[in-house]
Amino acid sequence: MRRIGIYPGTFDPVTRGHEDIIRRAGALCDRLYVAVAQGHHKQSLFSLEDRLDLMRTVCADLHGNGEVIPVAFDGLLVDACRQYRASLIIRGIRSVADYEYEHQLSGMNRHLLPGVETVFLITTDRYSFVSSSLIRETARLGGDVGELVHPYVKNFLTVKICKDC
Ligand code: COA
């Protein structure tokens with residue numbers, strides 16, 4: 001049986017921390033959908049099209065064991081799971097602060113779609129402090145985020161939000 005996973009997130013923008021999770025999750029699944037959420041639960045800075053474009057470029061550079069396919073989704077994550085026949089939801093955990101939220105998310109998803117399992121990967125230490133909002137803020141204020149995002153993402157940030165830096 002093929003193991004199909006889905007790694008959802010807002011990815012506003014995708015960071016090296018996300019890449020780390022994608023690479024490791026890709027090795028656990030025969031196929032991994034990286035699902036970029038429209039993100040009604042929070043206001044994203046970048047459009048869905050931009051976030052998906054960044055994700056496509058980043059994933060094109062990843063050489064995992066399985067297939068990694070970036071997609072966009074709107075609405076419930078469990079509906080995307082049904083659509084892509086994913087039985088595993090992948091989430092990264094950076095610290096205990098992430099745990100409470102992830103606990104609720106996985107419970108609700110299992111309630112809505114019994115049988116779906118959430119697999120948590122602990123983020124690699126060197127990226128445990130990284131978040132998309134910190135990347136945006138640091139870039140906006142002229143800080144160097146070059147080690148924390150893919151070069152394509154760095155260029156995008158420079159063009160989009162550092163215009164006045
Ligand atoms: N490396 C770097 N940053 C990481 C990270 C990692 N490994 N893991 C998480 N983060 C950061 C993200 O950058 C983001 O930072 P920000 O808040 O500063 O922007 C933050 O952690 C959380 O982001 P993300 O993982 O994208 O989760 P989210 O809360 O934005 O999105 C969804 C969660 C999209 C999966 C969830 O809201 C969802 O499923 N929505 C669909 C609707 C639905 O089904 N709702 C009911 C589900 S219970």
Side-chain angles (χ1 to χ4, degrees), residues 5-29 32-48 50-55 58-59 61-62 64 68-84 86-141 143 145-150 152-154 156-157 160-161:
I6 191 162
Y7 175 38
T10 313
F11 305 116
D12 187 35
V14 55
T15 69
R16 289 290 192 201
H18 295 128
E19 283 179 54
D20 165 56
I21 301 291
I22 295 168
R23 190 176 295 108
R24 290 160 51 203
L28 298 176
C29 303
L32 177 70
Y33 289 97
V34 182
V36 182
Q38 172 70 55
H40 297 295
H41 61 300
K42 62 185 184 190
Q43 182 68 46
S44 62
L45 181 65
F46 303 123
S47 70
L48 181 61
D50 281 345
R51 288 180 282 127
L52 186 59
D53 173 57
L54 296 175
M55 187 57 85
V58 164
C59 288
D61 279 359
L62 293 175
V68 176
I69 305 174
V71 292
F73 84 104
D74 198 359
L76 287 174
L77 175 60
V78 290
D79 288 336
C81 292
R82 288 191 185 96
Q83 179 182 353
Y84 296 112
S87 56
L88 294 181
I89 296 171
I90 310 288
R91 293 288 288 168
I93 294 218
R94 291 163 299 172
S95 66
V96 284
D98 285 341
Y99 174 79
E100 282 295 324
Y101 175 57
E102 294 300 333
H103 181 257
Q104 289 184 318
L105 218 69
S106 69
M108 180 57 85
N109 285 325
R110 201 171 42 244
H111 169 75
L112 294 172
L113 184 58
V116 74
E117 286 294 348
T118 304
V119 174
F120 298 104
L121 299 182
I122 304 288
T123 304
T124 301
D125 275 353
R126 68 178 180 281
Y127 299 126
S128 60
F129 64 93
V130 178
S131 72
S132 298
S133 48
L134 268 187
I135 293 288
R136 293 193 305 269
E137 180 181 333
T138 305
R140 185 184 299 116
L141 297 172
V145 294
E147 286 184 25
L148 304 177
V149 295
H150 186 284
Y152 186 75
V153 177
K154 186 177 180 224
F156 173 86
L157 289 169
K160 287 277 183 175
I161 64 175

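Ligands are counted one by one from 1 in listed order, and the atoms in each one are counted from 1 as well. Quantities reported herein were computed from a predicted structural model and do not represent experimental measurements.
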Q) Closest heavy-atom contact between L148 and I135? A) CB-CD1, 3.6 Å
Q: Output the list of atoms in ligand 1 that are nearer than 4.0 Å to some heavy atom of P8, sorted by atom number.
A: 35 (C)
Q. Which protein non-hydrogen atom lies closest to atom 19 (O) of ligand 1, naming both residue and atom, and how far is it?
A. K42 NZ, 3.3 Å
Q: Looking only at non-hydrogen atoms, find the nearest pair between P13 and R136 and report the distance.
A: CD-CG, 3.9 Å
**Q.** Under-4.0 Å heavy-atom contact with ligand 1, by part of S132 that carries it
**A.** both
Q: Please report which non-hydrogen protein atom sits nearest to atom 31 (O) of ligand 1, along with the residue it belongs to and the distance in Å to one decimal place.
A: H41 NE2, 3.3 Å
Q) What's the shortest distance from atom 29 (O) of ligand 1 to any protein heavy atom, and which residue and atom give it? A) Y101 OH, 2.9 Å
Q) So, E19 and R16, do they make that salt bridge, N to O below 4.0 Å? A) yes
Q.
Only heavy atoms of G9, strictly under 4.0 Å: list the atoms of ligand 1 that pass.
A. 26 (O)
Q) With sequence neighbours left out, which residue pairs that include part of residues 107-139 fulfil the ring pair (Phe, Tyr, Trp, His ring centres under 6.0 Å) condition? A) none
Q. Which heavy-atom pair separates A139 from I161 by the least distance, and what is that distance?
A. CB-CD1, 4.0 Å
**Q.** Atom pair CG (L121) and CD1 (I21), whose distance is rounded to the nearest 0.5 Å
**A.** 5.0 Å
Q. Heavy-atom distance from atom 38 (C) of ligand 1 to the protein below 4.0 Å?
A. no
Q: Identify the protein heavy atom lying closest to atom 46 (C) of ligand 1, giving its residue, its atom name and the separation to 0.1 Å.
A: L76 CD2, 4.1 Å
Q | Under 4.0 Å to a heavy atom of T10 - the qualifying atoms of ligand 1, by number | A | 26 (O), 28 (P), 30 (O), 31 (O)
Q. Going by distance only, is there an N or O of S133 that falls short of 3.5 Å from an N or O of ligand 1?
A. yes
(Q) Return the CD1 to OH distance between I69 and Y84, rounded to the nearest 0.5 Å. (A) 9.0 Å
Q) Which ligand 1 atoms, with their elements, are less than 4.0 angstrom from a heavy-atom of I21? A) 7 (N)
Q) Looking at atom 44 (O) of ligand 1, what's its closest protein heavy atom, distance included? A) L77 N, 2.8 Å
Q | Over all atoms of both residues, closest heavy-atom pair of I90 and C29 | A | CD1-SG, 4.4 Å
Q: Rounded to the nearest 0.5 Å, what's the gap from NE2 on H18 to CE on M55? Could you check?
A: 7.0 Å
Q. With sequence neighbours excluded, what pairs up with Y99 under the ring pair (Phe, Tyr, Trp, His ring centres under 6.0 Å) test?
A. H103
Q | Of the listed options R16, H18, R51, R94, closest to atom 21 (O) of ligand 1 (non-hydrogen atoms) | A | R94
Q | Closest protein heavy atom (residue, atom, distance) for atom 3 (N) of ligand 1 | A | V130 O, 3.2 Å
Q: Just jot down the ligand 1 atoms closer than 4.0 angstrom to any heavy atom of S131, in number order.
A: 3 (N), 13 (O), 15 (O), 18 (O)
Q. Salt bridge or not for K160 and D50, using N-O below 4.0 Å?
A. yes
Q | Close approach, G75 and ligand 1, non-hydrogen under 4.0 angstrom | A | yes
Q. Is there a heavy atom of D12 sitting under 4.0 angstrom from any atom of ligand 1?
A. no
(Q) With heavy-atom distances below 4.0 Å as the criterion, list the atoms of ligand 1 near T123. (A) 7 (N)
Q) Which of the atoms in ligand 1, numbered in the order shown and given with their element, are less than 4.0 Å from a heavy-atom of A37? A) 34 (C)
(Q) Starting from atom 40 (N) of ligand 1, what is the nearest protein heavy atom, named by residue and atom, and what distance separates them? (A) F73 CZ, 4.4 Å
Q | From the candidates R91, M108, E19, the one that places a heavy atom nearest atom 27 (O) of ligand 1 | A | R91
Q: Answer yes or no: is there an ion pair linking R24 with D20, defined by an N-O contact shorter than 4.0 Å?
A: yes
Q: Carefully, step by step, assess F156 and F46 under the rule ring pair (Phe, Tyr, Trp, His ring centres under 6.0 Å).
A: CA-CA 10 Å; F156 173 86; F46 303 123; 4.9 Å; yes
Q: Run the numbers on Y152 and D53 for side chain to side chain donor-acceptor pair (under 3.5 Å), then give the verdict.
A: CA-CA 10 Å; Y152 186 75; D53 173 57; 2.8 Å; yes
Q.
Quick check: V78 and ligand 1, any N/O pair under 3.5 Å apart?
A. no
**Q.** Per-atom contacts of ligand 1 with T15, taking only distances under 4.0 Å to non-hydrogen atoms
**A.** 1 (N), 2 (C)
Q) Among all protein non-hydrogen atoms, which one is nearest to atom 47 (C) of ligand 1, and what is the separation to 0.1 Å? A) N109 OD1, 3.7 Å
